[in-house]
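Notes follow once the structure below has been shown.
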Amino acid sequence: MKVSQLFGRTSKTEGIDYKIPSHRLLTQAGYIRESTAGRYYLLPLGLSVHHKIEAVVRKHMNAAGAQEVVMPVLHPLELWKETNRTTTTGFELMKITDRRGAEFALGGTAEEMAVDLVRKFNISYKDLPFNIYQFSMKFRDEMRARGGLLRVREFVMKDAYSFSTESQFKEIYQKMWDAYKAIFEELGLKVDVVAADNGYIGGEYCHEFVVESDQGESRYFIDESSGYAAHEDVATFKVDEKNLGEEMREMEEVDAVRGNTMEDGAKLHNMPLWQQTKDVLYFDEATKRYILAIIRGDFDVNETKLMQAAGAWDLRAATTEEICEDLHSEPGFISPINIVKKGTKSGYEVVIVGDKSLRTVRNMYGGANKKHRDILNINIDRDYKPDIEADIALAQPGFSGPDGGPLVERRGIEVGNIFQLGYHYSNLMADADYTDDSGQRQKYYMGCYGIGIGRTMAAIVEAHHDDKGIMWPDNVSPYSVYLATIGEAENVRQAADGLYQALTEAGVLVLYDDRTEVRAGEKFADADLLGIPYRVVVSEKTLANQQFEIKGRGDADARLLGQQDIIEMVTSKQNNSAIMDFRS
RNA sequence: CGGGGUGUGGCGCAGUUGGUAGCGCGCCUGGUUUGGGACCAGGAGGUCGAAGGUUCGAGUCCUUUCACCCCGACCA
């Protein structure tokens with residue numbers, strides 16, 4: 001491809017105030033252009049990178065036995081109603097109606113479609129296991145798109161769906177895990193595999209593949225000694241025992257003229273924070289229940305864990321009015337002791353969820369559900385009994401991980417994930433089953449596996465750039481060589497044309513900067529910005545002894561080589577995966 | 001959805017107490033240049049986000065609305 005013919009151009013001013021490096025560099029180099037917030041044009045260069053990433057993903061998915069399909073982008077809304085996800089997706093479904101009034105969802109993920117496809121084939125155990133996947137545009141009505149390609153409203157996702165028996169599942173999950181490791185390694189990305197929360201998608205466990213980056217939105221913890229890695233939503237830690245040797249003392253209600261914070265309580269009673277009870281009242285809009293979370297005073301409530309433990313999917317903080325008038329308690333003095341079982345006005349039930357850390361302390365102190373009254377010597381079991389006992393504590397940096405080592409906090413970009421769905425969808429959807437070897441219908445067991453292609457592209461740029469521009473790894477760069485002429489001399493042009501042809505015939509993708517009106521400095525700046533692995537320069541100077549100048553994008557110095565050596569040097573680094581120039 | 005901000009040629013911006021739009025980059029033409037973003041001369045390109053209002057007159061004042069950016073909430 002000749003630069004003079006390439007659609008799109010570099011710009012010094014376009015996107016100058018974008019804060020995220022990948023956003024700015026991809027824009028300035030002419031890989032992407034914004035349409036509206038969270039929606040991007042992929043220009044020829046950007047599409048080329050996109051295709052190369054897809055090719056790597058496809059290669060490893062196929063090698064792992066998955067089979068590529070394409071599903072419609074418009075999903076019949078009845079399918080989403082079948083799984084009750086029209087209201088509970090976690091992202092606002094985008095809907096569209098055709099002129100006959102048929103309703104569709106713009107696909108944001110495709111579990112229902114995959115099940116619907118599979119049930120059309122009335123499968124048996126002989127068909128299992130299998131894994132189908134696609135690359136397709138996904139639509140998310142994000143509240144707030146940001147960070148260029150990092151969080152968008154439309155993007156190409158590779159999404160895969162596996163169908164198997166429960167006993168076959170572990171192997172499939174492991175295969176996807178291994179395939180993902182191989183994919184990201186080939187793309188030049190170091191990933192942490194992080195245990196995460198399944199959220200609205202269902203299932204019991206899942207893992208995120210995260211590229212460590214300051215620009216990432218995922219926060220997670222690593223125990224570097226053991227390799228334990230978990231998203232902050234699910235991270236667990238060892239809870240130290242405090243004063244379990246102490247005798248239980250008589251419960252006692254006392255005056256407590258203090259403010260509403262934990263610190264106020266610790267100060268007033270001159271006792272440690274950990275001996276105080278932290279009582280946080282929530283209301284779940286989905287099930288119309290109050291959820292009273294109780295935890296040791298030196299910990300915080302992890303709301304994701306709380307949602308899982310209580311089955312409360314639409315949690316919000318309770319209002320002062322609800323606390324005072326419906327539950328007859330007092331902000332800052334809420335307590336499980338003598339709390340009403342039901343709101344006296346609303347009739348809504350109060351569910352008490354206790355963290356397991358409550359079993360590491362004796363004789364706790366806390367509110368009395370009355371203003372300026374506290375209770376001393378509170379002990380679990382004797383004085384109150386949680387309806388649900390679970391780990392609902394939020395991990396913090398420095399806490400001991402489940403394997404004993406200290407937890408280190410990291411931030412990263414989630415580029416892929418693998419989910420165990422189990423029977424979640426086969427339970428919700430009709431005929432999501434197969435015939436077993438005794439002729440009985442059985443629910444199948446599912447998993448799903450996603451990779452965001454555009455986000456991966458941005459993550460690669462985040463991991464591979466300097467202050468001059470992008471530095472693509474060899475196998476995702478749109479071209480292997482940036483060939484630039486300097487000057488308008490006829491012999492320079494002829495030599496460059498010859499090298500362009502020779503490299504192309506050798507199978508090397510070359511971006512040939514044939515512009516005559518552009519000076520050397522600008523060509524060098526463009527070459528750096530674009531991030532092509534090799535820059536080859538042809539000028540009267542290099543031709544003085546029949547040579548060309550070649551420089552790696554990350555190298556400080558260039559060297560002079562003859563044409564044959566150039567070709568050898570470049571082809572030896574060429575990646576052999578089935579990759580082609582989609583523009584020529 | 002809450003808080004803050006911005007909308008003026010393709011991009012980045014200026015525009016005074018209201019008087020009918022300008023600069024830099026880019027683009028086009030000609031010339032001089034040519035190893036890290038050159039220079040000279042000429043040129044094209046804007047109903048100032050949209051709608052309504054005040055006024056003799058609105059980029060500027062008022063009202064409404066839309067879009068985008070940043071922070072938060074949310075979020076495979």
Side-chain angles (χ1 to χ4, degrees), chain A residues 8-20 23-24 27-28 30 33-39 88-92 108-111 138 140-148 150-153 155 157-160 180 194-203 205-210 216-219 231 233-234 303-304 313-317 412-421 447-452 455-456 468-469 484-489 492 513 515-529 535 537-544 549 551 558 560:
Chain A
R9 74 166 78 87
T10 60
S11 166
K12 278 190 280 187
T13 49
E14 178 75 45
I16 192 79
D17 57 342
Y18 292 161
K19 301 223 156 43
I20 313 285
H23 190 196
R24 187 177 62 247
T27 301
Q28 293 189 331
R33 194 66 167 246
E34 189 174 77
S35 162
T36 57
R39 303 180 205 279
T88 60
T89 46
F91 60 85
E92 193 69 25
T109 173
E111 288 76 15
K138 296 294 183 292
R140 301 281 168 92
D141 195 0
E142 289 288 345
M143 298 269 213
R144 188 179 157 209
R146 76 182 103 193
L150 289 177
R151 178 161 294 279
V152 294
R153 296 192 168 109
F155 61 99
M157 178 162 79
K158 184 284 299 173
D159 47 324
Y180 273 36
V194 177
D197 178 59
N198 290 44
Y200 62 86
I201 209 139
Y205 56 88
C206 69
H207 290 85
E208 294 182 350
F209 288 70
V210 183
E217 298 181 307
S218 289
R219 279 165 52 138
H231 194 278
D233 290 345
V234 299
E303 292 179 9
T304 303
W313 304 109
D314 194 3
L315 220 50
R316 62 162 171 82
I413 301 164
E414 180 193 347
V415 288
N417 48 43
I418 55 179
F419 278 86
Q420 175 260 28
L421 298 174
C448 72
Y449 318 89
I451 292 178
R455 185 184 281 183
T456 299
K468 289 180 175 163
T485 58
I486 293 177
E488 290 180 79
V492 168
D513 193 344
R515 296 173 296 177
T516 51
E517 70 283 6
V518 172
R519 296 154 58 103
E522 196 167 337
K523 290 191 178 188
F524 294 159
D526 278 350
D528 290 341
L529 180 59
R535 185 188 80 193
V537 172
V538 188
S539 72
E540 294 191 77
K541 217 158 87 183
T542 69
L543 290 180
E549 179 193 278
K551 177 180 161 307
L560 288 166

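Worth saying up front: this structure is predicted, and the values here are computed from it rather than measured. A note on names: the letters A, B, ... follow the listed sequences, proteins ahead of strands, and every chain is numbered from 1.
Between the CD atom of A/Glu488 and the CD atom of A/Glu540 there is a distance of 10.5 Å, given to the nearest 0.5 Å.
At the phosphate of B/G37, neither OP1 nor OP2 sits under 4.0 Å from any side-chain N or O atom of A/Arg519.
Considering only the side chain of A/Glu142, B/C75 comes nearest among B/C11, B/U34, B/C75. Here B/A76 is the nucleotide among B/G35, B/G36, B/A76 with the atom lying nearest to any side-chain atom of A/Glu111. Considering only side-chain atoms of A/Ile486, the nucleotide from B/A76, B/G37, B/U34 that sits closest is B/U34.
Taking atom P on both B/C70 and B/G12, the two are 14 Å apart, rounded to the nearest angstrom. Between B/U33 and B/C39, the two P atoms lie 16 Å apart (nearest whole Å). B/G2 and B/U60 have their P atoms separated by 27 Å, with the value rounded to a whole Å. Rounded to a whole angstrom, the distance from the C1' atom of B/G7 to that of B/A50 is 11 Å.
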Name the pairs: protein N/O against N/O of nucleotides 68-72 of chain B, kept only if under 3.5 Å.
| residue | atom | partner | partner atom | Å |
| --- | --- | --- | --- | --- |
| B/C68 | OP1 | A/Ala37 | N | 3.2 |
| B/C71 | OP2 | A/Arg144 | NH2 | 2.2 |

Review item, nucleotides 23-32 of chain B N/O atoms under 3.5 Å of protein N/O:
none

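Residues forming a ring pair (Phe, Tyr, Trp, His ring centres under 6.0 Å) with A/Tyr18 (at least two apart in sequence, or on another chain): A/His23. Considering only residues two or more places apart in sequence or on other chains, A/Ser218 meets the side chain to side chain donor-acceptor pair (under 3.5 Å) condition with none of them. Every residue was checked against the side chain to side chain contact (heavy atoms under 4.5 Å, CB included) condition with A/Arg519, not counting sequence neighbours, and none meets it.
The shortest side-chain heavy-atom distance between A/Leu529 and A/Gln28 falls under the 4.5 Å cut-off.
For the pair A/Arg535 and A/Phe524, the cation-pi test (distance below 6.0 Å, angle within 45°) is passed.
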One pair to check against salt bridge (Lys or Arg N to Asp or Glu O under 4.0 Å): A/Glu549 and A/Lys541. What are the steps and the verdict? CA-CA 9 Å; A/Glu549 179 193 278; A/Lys541 217 158 87 183; over 6 Å; no
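No hydrogens or angles were tested; on distance alone, nothing pairs the side chain of A/Arg140 with the base of B/C75 as donor and acceptor under 3.5 Å. Donor-acceptor pairing under 3.5 Å, judged by distance alone, is absent between the side chain of A/Gln420 and the base of B/A76.
Summarising the geometry of A/Arg24 relative to A/Gly15, their closest heavy-atom pair is CG-O, 3.4 Å, with the distance given to 0.1 Å. In plain terms, the two heavy atoms of A/Thr109 and A/Arg140 that are nearest each other are CB-NH2, 4.1 Å.
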Fill in the dot-bracket string of RNA chain B, one character per base: . for unpaired, | for a pair to another strand, ( ) or [ ] for pairs within the strand, taking Watson-Crick or G-U pairs under 3.5 Å. (((((((..((((.....[..)))).((((((.....)))))).....(((((..]....))))))))))))....
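RNA chain B is contacted by both A/Ser11 and A/Ala520; A/Ser11 maps to the nucleotide lying nearer its 5′ end (nearest heavy atom per residue). Map A/Arg33 and A/Arg151 each onto its nearest nucleotide of RNA chain B; the residue landing nearer the 5' end is A/Arg33.
Nucleotide B/U32 carries an anti base; the chi torsion (O4'-C1'-N9-C4 or O4'-C1'-N1-C2) is more than 90° from 0.
At the heavy-atom level, A/Ser218 lies nowhere under 4.0 Å from the strands shown. Within the 4.0 angstrom heavy-atom criterion, base atoms lie near A/Lys541.
Using modelled atom types and a 3.5 Å distance limit, the side chains of A/Thr10 and A/Asp526 yield a donor-acceptor pair.
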